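Following: one structure in structure tokens, then a few remarks.
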Amino acid sequence: MDYLEGLNEPQHKAVTTTEGPMMIIAGAGSGKTRVLTYRIAHLIKSKSIDPFNILSLTFTNKAAAEMRNRIEGVIGSEARNIWMGTFHSVFARILRSEAAHIGYPSNFTIYDADDSKSLIRTIVKELNLDDKLYKANIVFNRISGAKNRLVSYKEYNANPAFKTDDAQNRRPELGKIYKIYAERCFKAGAMDFDDLLFNTNILFRDHLEVLNKYQHRFKYVMVDEFQDTNISQYLITKNLSAVSENICVVGDDAQSIYAFRGADIQNILNFEKDYPTLKVIKLEQNYRSTKNIVNAANSIIGYNKAQLKKNVWTSNDEGTQIELIKSASDNEEGKLVATSIFEEKAQHQFHNKDFAVLYRTNSQSRAMEESLRKLNIKYKIIGGLSFYQRKEIKDLLAYMRFSINHNDEESLKRIINLPKRGIGTTTVNKLIVVANEHNKSIWEVLQHANQIVPGRAANAIGEFVALIKRFAIEIEKNDAYEAANTIAKGSGLLQDLYADRTVEGLNRYENVQELLNAVKEFVDNEEEVTGGEEPKDKQLGTFLQEITLLTGQDRDDDDDNDKVTLMTIHMAKGLEFKNVYIVGMEEDLFPSQMMLNSRADLEEERRLFYVAITRAEQKVFLSYALSRYRFGRLKSCEPSRFIDEIDPKFIKESSKFGGRTTQPVTQVTSQYAKNLVRGSATKPSINKASLQHTPSADFAPSDTSNLQESMKVEHPKFGFGKVTEIDNSGTSRKATVVFDNFGEKTLLLSFAKLKIHT
DNA sequence: GACTCCGATCTTTTT
DNA sequence: GATCGGAGTC
């Protein structure tokens, strides 16, 4: 088989070992996608397995589509029949055809996180609970966590452990909210993201004949990014492959970064116990990065205790050291990074697309964008506030959703008075309360509105109902594009936006047009995204499902590819770039203070750092600022502890930018700008002293320029220690310190946070 | 019921 | 620096 040529030994084994349970531990850059692709091709070509019997779960739909293309290149058009996609999209599809078994309509709506939180807010209000205490985010996370561990609201309320736990957190009513939330979703014919997995589990648990059907269909199951699956997902795959036991999981424990949404690293560590005959293959050779990058990454991840043994290595070139860029403020950081990209491009003939800027939080993109724009460097942002979260888009989508599923409460609330029809919140709330009290569906209540609300509102509702009925017929009869057009025009949304001639209004109008284009593209597009046996249908409902389940990377449909990519580190999973800038390398930002406060999981943050660095093929830049705007306030920052953790051999300060005298910050706060407009402005309150590097009140590092051997020092993280060696030989000074509790460490003096004790 | 203005609050990360 | 909700007014 020609496709087997050029594989190294473990890769070859991973491709050709097809039977029985198997785990592939794939280090960063070890050619995992290649292995997965060829493995499927091999199953079909050499083992004559029907593509129809293969299920491959990937991290993004885009990855699935690309893999399908590559397999098609090897085996031909048969590849179309492989079931491929994300957990959510594959099982949403299965749930649609099996919905009746669990009492759902097959046209159920999928609630995104915004819908879920909005519903939670409504419930909290209805129960007269304190919305400061029962914040939508907190409640939602709690419910989500329960569902991901397969705890139903009944089990939740029956288990005293949850009760006492909630009571201790001063939120005793959480169980009640969970119950009402679940009931309301069910009544609205809606599933949230977690329900897609939760209900699949219920379906398989309670309907063995259904499980059996899929067990026999999916004779070979593959799971990519296994380290980021949660218990719910794990159980689905385990059940599906219980008959054939041909389950192959691929993952890297060092890249597990989704514990916060229920991913359980124990899945990977316990897999062996569940499958005693498990074969384990390790892919340890890195083909992506330079030696310097691989070794630096290894030196970081070495600090983690929880990990499987593996030895990632590369035969690639040595490469250059990681460069450290220091700046006075977040705005200057943007400037320096943009300038650096500009210069790298000029010096080494790189293209824009060879660069990625990675950050911990989405809000960090702003400063970068500004600077890149100023230097005329094209960029694109992956993730963040997506197109589909814009108000005008959500409004139109809500019309579509409600026209398909007349009980979708969240969509109804969005559109019933949009454009204004004289149906106010008082009326809507009354209707919802009546529906819930009499256990009637919203749709039913709407049709008898005249018995509940005054004549004028009732008339308006009557017209609204007629409108929706018209749309429903339209959707039934026509393809998605025609239906979407009718809805956009018939609802009055399009005219409303057209009438608004402001810049924002024009923008919104264009966005809606763009959405309609996307529907058109969907209708025209012959490609299948999810795979499976049915011919692709061009119904509006299918379009809606696809866009709700798009992952961040899926949404990257920019035709102009030569752009610098900006995204969070989470979004960068599975991608690679020639050069990577990791910005905002500051304590409390990365590692995130929030993460450390809420879950105390420094190791996950470190894995995130590991993921970020290993995206790069050639060069890594780390950047930190000494001050940064957060919550509209300028705060001083200290360099991240992660910088210290890199073995100094692999890192150096950027000769171009390190230590340059920096501009004072001239930005003013939004409050100041507002006051200025009102004419009541007081002086801008930028404190110049705050620009100086003052890590924390109780730990002020000393000037290390006169640090000498055998001096006693203190470090904020490592505690007390003694200097054993000062190294002045290189471009930057280094000190070796033996810490009382942490042993010997070598620190770069120019940014070492050391306090000298004389 | 619609509209406007002000202040509070928030920011991890995502399907 | 954006969004949301509440209060006040038409």
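Only heavy atoms go into these numbers, but all of them, side chains included; no hydrogens, no water, no symmetry mates. Here is how names work: the chains are called A, B, and so on, in the same order as the sequence lines, proteins then strands, and each is numbered from 1. Small disclaimer: the values here were computed from a predicted structure and weren't measured.
By the ring pair (Phe, Tyr, Trp, His ring centres under 6.0 Å) test, A:Tyr134 is found to be paired with no residue, residues two or more places apart in sequence or in another chain being considered.
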Checklist entry - Reading nucleotides 10-15 of chain B 5' to 3', which nucleotides get B (base under 4.0 Å from a protein heavy atom), which S (sugar-phosphate only), which -? => result BBBBBB
Checklist entry - Reading nucleotides 5-10 of chain C from the 5' end, what letters show protein touch, with B for base, S for backbone sugar-phosphate only, - for no heavy atom under 4.0 Å? => result S-----
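For residues 415-430 of chain A, the set of pairs meeting the salt bridge (Lys or Arg N to Asp or Glu O under 4.0 Å) definition, not counting sequence neighbours, is empty. Within the structure, every pair that satisfies the ring-ring contact (aromatic ring centres under 6.0 Å, His included) test and touches residues 582-604 of chain A, not counting sequence neighbours, is listed here: A:Phe590-A:Phe609, A:Phe590-A:Phe642.
The aromatic rings of A:Phe260 and A:Tyr258 lie tilted to each other, with the angle between the two planes from 30° to 60°.
For A:Arg456 and B:dA2, the CZ to C1' distance is 12 Å, given to the nearest whole Å.
Closest of all the heavy-atom pairs between A:Ala182 and A:Tyr153 is CB-CD2, 3.5 Å. Contact record, A:Val620 with A:Ile613: CG2-O, 3.9 Å, taken as the closest heavy-atom pair.
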Next on the checklist: Please evaluate residues A:Asp192 and A:Lys147 with respect to the criterion salt bridge (charged side-chain N to carboxylate O under 4.0 Å, His left out), reporting the C-alpha separation (whole Å), side-chain torsions for both, the decisive distance (0.1 Å), and the verdict.
Outcome noted: CA-CA 10 Å; A:Asp192 65 20; A:Lys147 279 186 194 163; 2.8 Å; yes
Show me the donor-acceptor pairs within less than 3.5 Å that the side chains of residues 566-576 of chain A make with the rest of the protein, sequence neighbours left out.
| from | atom 1 | to | atom 2 | distance (Å) |
| --- | --- | --- | --- | --- |
| A:Thr568 | OG1 | A:Met571 | N | 3.3 |
| A:His570 | NE2 | A:Ile257 | O | 3.2 |
| A:Lys573 | NZ | A:Asp228 | OD2 | 2.4 |
| A:Glu576 | OE1 | A:Arg288 | NE | 2.6 |

